Amino acid sequence: MLIFGLSSNLSEARCFIYYNKSNLYLCPMQESMNMEKPAEATTCWVQLYSDSLYSWALHKTSNKETAEDLVQETFLVAVKSFDSFKGDSNPKTWLFAILNNKINDYYRKNYRTPIVNDEAIFDRLFDNTGHWRPEQIPLQWAEQNENILHDNEFQHALHNCLKKLPSNWFSAIQLKYIEEKKGSEICQELGITDTNFWQILHRAKLQLRKCLEINWFKR
Amino acid sequence: MAQTSTINLMISCKQATELLDKKAVLKLSGRENLALKLHVAICEACKRYKKQTQFLENILKLNFKNSNPDQVPQHTNEELKGKIFEYLKKNQ
């Protein structure tokens with residue numbers, strides 16, 4: 001595949017031409033995008049935006065296959081609802097809106113996936129009288145503030161720990177923190193009980209705390 | 001799991017950590033709040049848990065809310081482009 005920007009710098013180009021499987025396409029950049037044929041427009045959009053859509057989906061789901069699926073579905077929706085796309089709005093904004101809906105649907109679906117009520121984490125951390133097992137007692141952490149999020153190594157540790165959570169625990173975290181909604185509203189929307197929701201979040205936090213302690217604070 | 005209405009004022013570490021995380025989602029009852037305060041006041045381990053789970057709460061909020069598409073690490077995935085074209089062909 002060849003891409004020619006009609007400027008020395010692709011990001012500054014007003015349009016670019018690319019060649020794919022013996023077809024030549026001229027893709028207008030950004031706002032001027034208003035093409036008649038959905039297939040051609042979408043082909044251009046894939047070239048222009050699939051990487052940033054994918055990066056976003058990967059950030060949100062921490063899973064390569066899921067992120068790829070969501071981006072593919074996004075483009076299918078884009079093709080099918082092409083008529084509803086107003087040429088004067090930014091296609092990138094429009095595609096991200098579709099993707100964000102897909103991501104939210106994914107969390108919801110994932111969260112609902114029934115799993116066995118997992119008591120194992122409690123048995124690992126607490127003895128049968130409900131006291132911390134001696135080796136599990138939270139350690140004193142060095143004083144931290146929110147700026148730690150700017151630390152790339154910490155980001156990396158946090159993401160690895162999030163990845164290790166069972167998928168519907170992770171979805172509960174996503175639902176809780178991405179949308180600025182109250183716990184009870186989320187539960188109502190999902191048709192689950194408050195109890196179920198906070199108990200899953202609780203398990204997730206127990207595990208996340210432990211994982212960060214081992215992989216970050218204890219180093 | 002202790003029922004809200006019958007919760008004893010003397011609670012275990014397991015129950016205290018539960019209440020600390022429940023508090024981030026729901027409002028605790030007066031009795032739950034009191035039991036939690038009493039426990040945390042005398043338990044060094046749960047005092048730490050309280051501080052750390054609040055720290056987690058803050059960083060998770062920031063991590064998920066403040067991110068915007070232009071600020072996340074960018075990846076290129078050329079393979080995906082091919083997959084998208086195939087997927088569109090198959091589904092049209």
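Just so it is clear, the structure is predicted and the values come from calculations on it, not from any experiment.
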*What is the ring orientation for B/Tyr49 with A/Trp132, classed by angle as parallel under 30°, tilted 30 to 60°, or perpendicular over 60°?*
tilted

_B/Leu19, B/Val25, B/Asp21, B/Thr53 screened by side chain to side chain contact (heavy atoms under 4.5 Å, CB included) with A/His202, the one that passes_ = B/Asp21

*asked:* Using heavy-atom distances under 4.5 Å, tell me whether A/Gln155 contacts chain B through its side chain, its backbone, both, or neither.
replied: side chain

*State the OH-CD distance between A/Tyr54 and B/Gln74, to the nearest 0.5 angstrom.*
11.5 Å

*Could you pull out the closest heavy-atom pair between B/Asn63 and A/Leu149, with the gap in Å?*
N-CD1, 3.7 Å

*Could you check which of B/Asp70, B/Leu60, B/Asn91, B/Leu88 has the highest count of heavy-atom pairs closer than 4.5 Å to chain A?*
B/Leu60

*Heavy-atom pair of closest approach, residues B/Leu56 and A/Lys205*: CD1-O, 3.7 Å

*Counting N and O atoms only, with roles assigned by atom type, does the side chain of B/Ser12 sit under 3.5 Å from a partner on the main chain of A/His131, one being a donor and the other an acceptor?*
no

*Out of A/Leu139, A/Thr129, A/Ile137, which one racks up the most heavy-atom pairs below 4.5 Å with chain B?*
A/Leu139

_Proximity breakdown for A/Glu73 and chain B, heavy-atom pairs closer than 4.5 Å_ = both

*asked:* Less than 4.5 Å to any heavy atom of chain B: does that hold for the side chain of A/Leu206, its backbone, both, or neither?
replied: both

*Can you tell which part of A/Leu53 gets under 4.5 Å to a heavy atom of chain B, answering side chain, backbone, both or neither?*
neither

*Should A/Asp69 and B/Lys83 count as an ion pair when the cut-off is N to O under 4.0 Å?*
no

*Nearest atoms (heavy-atom pairs only) where B/Gln52 meets A/Pro138*: OE1-CB, 3.7 Å

*Options B/Glu44, B/Lys47, B/Arg48, ranked by heavy-atom pairs under 4.5 Å with chain A, top entry*: B/Arg48

*Shortest non-hydrogen contact from B/Phe55 toward A/Asn145*: CE1-O, 4.0 Å

*asked:* Counting only non-hydrogen atoms closer than 4.5 Å, does B/Ala16 touch chain A with its backbone (N, CA, C, O), its side chain (CB onward), both, or neither?
replied: neither

*Any chance you could lay out the side-chain contact (heavy atoms from CB on, under 4.5 Å) test for A/Asp51 and B/His75, step after step, and finish with the verdict?*
CA-CA 6 Å; A/Asp51 281 342; B/His75 304 266; over 6 Å; no

*Salt-bridge contact A/Lys176-B/Glu57 (side-chain N to carboxylate O under 4.0 Å)*: yes

*Mind running side-chain contact (heavy atoms from CB on, under 4.5 Å) on A/Leu201 and B/Lys22 for me, showing each step along the way?*
CA-CA 8 Å; A/Leu201 280 172; B/Lys22 183 180 180 183; over 6 Å; no

*Would you mind telling me which of A/Phe154, A/Trp141, A/Phe122, A/Phe197 has the largest number of heavy-atom pairs within less than 4.5 Å of chain B?*
A/Trp141

*Quick one: do A/Glu143 and B/Lys51 make a salt bridge, cutoff under 4.0 Å?*
yes

*When you look at NE2 of A/His159, are more than 12 heavy atoms from neighbouring residues, nucleotides or ligands closer to it than 6.0 Å?*
yes

*Which pair of non-hydrogen atoms, one from B/Asn77 and one from A/Glu68, has the smallest distance, and what is that distance?*
ND2-OE2, 2.9 Å

*B/Ile84 portion near chain A, given a 4.5 angstrom heavy-atom threshold*: both

*Go through the atoms of A/Phe96 and report whether side chain, backbone, both or neither lie under 4.5 Å from a heavy atom of chain B.*
side chain

_B/Glu18 to A/Trp198 - nearest heavy-atom pair and separation_ = O-CZ3, 3.6 Å

